[in-house]
Amino acid sequence: MNVNKKYQEKLVTIPEAVSKVKSNQKVVIAMAASEPQGLLHELENRSDELENVNIVSCLMMGDYNFLKPEMKGTFLNETWFYGPADRENHKHGNVTYIPNNLHEAGMKKLENDNLNIFWGTATPMDENGYFSLSLGLTYEKMMVENKNTMVVLEINENLPWTLGDTQVHISQVDHIVENTVPLIEVPPIEPGEEEKKIGEYVAEMIEDGSTLQLGIGGIPNAIAHSLRNKKDLGIHTEMFTDGMVELFKEGVITNQKKTLWKGKMVGTFAMGTKKLYDFIDTNLAVEFQQGNVTNDPYIIGQNHKMVSVNTALQVDLTGQVCSEAIANKHYSGTGGQVDTHRGAQRSEGGKGIIALRSSAKNGEISTIVAELPAGSKITLGRNDIDYVVTEYGAAHLKGKSIRERVDAMIGIAHPDFRDELREKADKLKLW
Ligand code: COA
């Protein structure tokens with residue numbers, strides 16, 4: 001096969017590729033930093049001709065006009081994880097959430113829905129006709145391999161060539177568009193005093209030789225700063241982050257004590273800054289695997305001393321964790337929180353950690369609550385919870401009674417709210 005000839009045959013303009021979308025279709029797009037920015041920006045230009053088109057996304061990072069209020073009825077964003085613009089667009093009725101545990105998201109969608117088109121992003125093709133799916137492999141390759149889906153790849157020269165299960169051959173692709181644009185970057189937050197304290201407590205719980213998953217959000221990334229004195233850590237994660245690059249370069253992450261993929265960091269998507277994207281480019285120490293592999297609790301649990309660190313918005317005194325919404329206000333998604341928290345507890349010597357600041361909104365609100373507000377969405381159930389950590393310490397809830405949990409949780413709540421929490425717990429007869 002002359003792969004260059006094939007490439008030229010499949011090369012179309014962005015408007016041509018977008019013209020393939022028909023009313024009542026579903027278009028799945030690659031997630032987060034690997035979303036096809038050119039195709040998504042073009043979509044609004046079809047608004048007069050189309051109706052009832054669903055974009056199926058996950059953590060969409062851009063703010064696209066096809067989701068503006070006036071597009072209601074034309075386009076709907078069906079998403080596995082809300083991105084920044086989705087919180088606003090939700091108010092106009094243009095966004096809806098797909099409840100999921102991330103390791104099953106793609107599979108369940110393919111089994112139970114009719115997906116017509118996949119829009120992904122990839123590196124330029126190599127001389128053998130292969131592309132790398134680069135920053136995202138959570139469900140993207142599954143969509144390429146689904147025989148009923150038209151596959152369109154947006155080629156961006158800035159994307160790193162990542163290794164692992166990322167390759168797609170030109171013969172698997174229907175159309176190619178070229179669009180070299182800056183990559184989406186999300187800088188990590190600088191840890192403040194509270195994050196540093198939380199980091200110290202979490203670091204105390206992580207033994208040398210442990211394998212880590214660090215989740216999305218400010219706190220897990222800040223925790224990386226507290227792990228500088230550890231030895232021989234490994235990474236088996238969902239998301240590769242900037243914090244991991246620093247720990248690797250400092251020799252803290254060696255991956256040498258890992259049970260699975262010894263010598264390699266394993267993950268399914270990357271989101272951070274150019275520092276991270278340069279680091280993962282053709283790096284033999286970084287392995288991308290599909291989300292149904294990296295996030296499968298049974299696979300995660302085969303690592304020894306597996307520690308997962310995720311964060312939350314609210315936790316109640318019995319250990320119910322809300323990470324994706326405050327009452328009826330949807331914020332993000334479950335992502336891999338349940339996958340990784342459960343997986344870590346299956347591991348020999350493993351720990352599942354939920355780490356959060358004890359208060360929000362400049363200390364006005366306690367994130368530890370006696371009772372969740374009406375309409376709350378439970379991300380991690382109290383039957384699954386292991387550890388909760390705040391800047392006031394760690395509460396080990398696994399196997400403990402409600403009475404013991406209430407005491408432990410009040411012990412790590414902000415001191416300003418402890419009396420109130422005790423009064424409410426008594427009133428609710430949480431004993
Ligand atoms: N009540 C009201 N508001 C609260 C709150 C509470 N208890 N806790 C936090 N907030 C507000 C914050 O003040 C902030 O508001 P702002 O945007 O106006 O500043 C906002 O909610 C987000 O809080 P923040 O702590 O900055 O969030 P984050 O970016 O660190 O993300 C999660 C935290 C929990 C939303 C995020 O980690 C998540 O979505 N987790 C679920 C998925 C997951 O863990 N996956 C793991 C595998 S990657």
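Excluded from the calculations below are hydrogen atoms, water molecules and symmetry mates; all remaining heavy atoms, backbone and side chain alike, are included. By convention here, the first residue in the shown sequence is residue 1. Both ligands and their constituent atoms are indexed starting at 1 by order of listing.
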J.: Identify all pairs of nitrogen or oxygen atoms, one from ligand 1 and one from the protein, separated by less than 3.5 Å, and list them with distances.
T.:
residue	atom	partner	partner atom	Å
ligand 1	7 (N)	Leu313	O	2.9
ligand 1	15 (O)	Lys361	NZ	3.3
ligand 1	18 (O)	Lys361	NZ	3.2
ligand 1	25 (O)	Arg357	NH2	3.0
ligand 1	30 (O)	Gly218	N	2.9
ligand 1	37 (O)	Ile216	O	2.7
ligand 1	39 (O)	Ser332	OG	2.5
ligand 1	44 (O)	Gln337	NE2	2.8

J.: Counting heavy atoms not belonging to Glu250, are there more than 12 under 6.0 Å from its CD?
T.: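 Check passes, neighbour count above 12.
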J.: Parallel, tilted or perpendicular: which fits the ring planes of His396 and Tyr387, with parallel below 30° and perpendicular above 60°?
T.: parallel
J.: Would you say the ring centroid of Trp80 lies under 6.0 angstrom from that of Tyr97?
T.: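 No, ring centres 6.0 Å or more apart.
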J.: Would you please say whether a donor-acceptor pair under 3.5 Å links the side chains of Thr121 and Asn156?
T.: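 Not at all, the side chains of Thr121 and Asn156 share no donor-acceptor pair under 3.5 Å.
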J.: Counting only heavy atoms not in Lys230 (residues, nucleotides, ligands), do more than 12 fall under 6.0 Å from its NZ?
T.: yes
J.: Hey, are His103 and Asn292 close enough side-chain-wise for a donor-acceptor pair under 3.5 Å?
T.: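 No - no donor-acceptor pair under 3.5 Å links their side chains.
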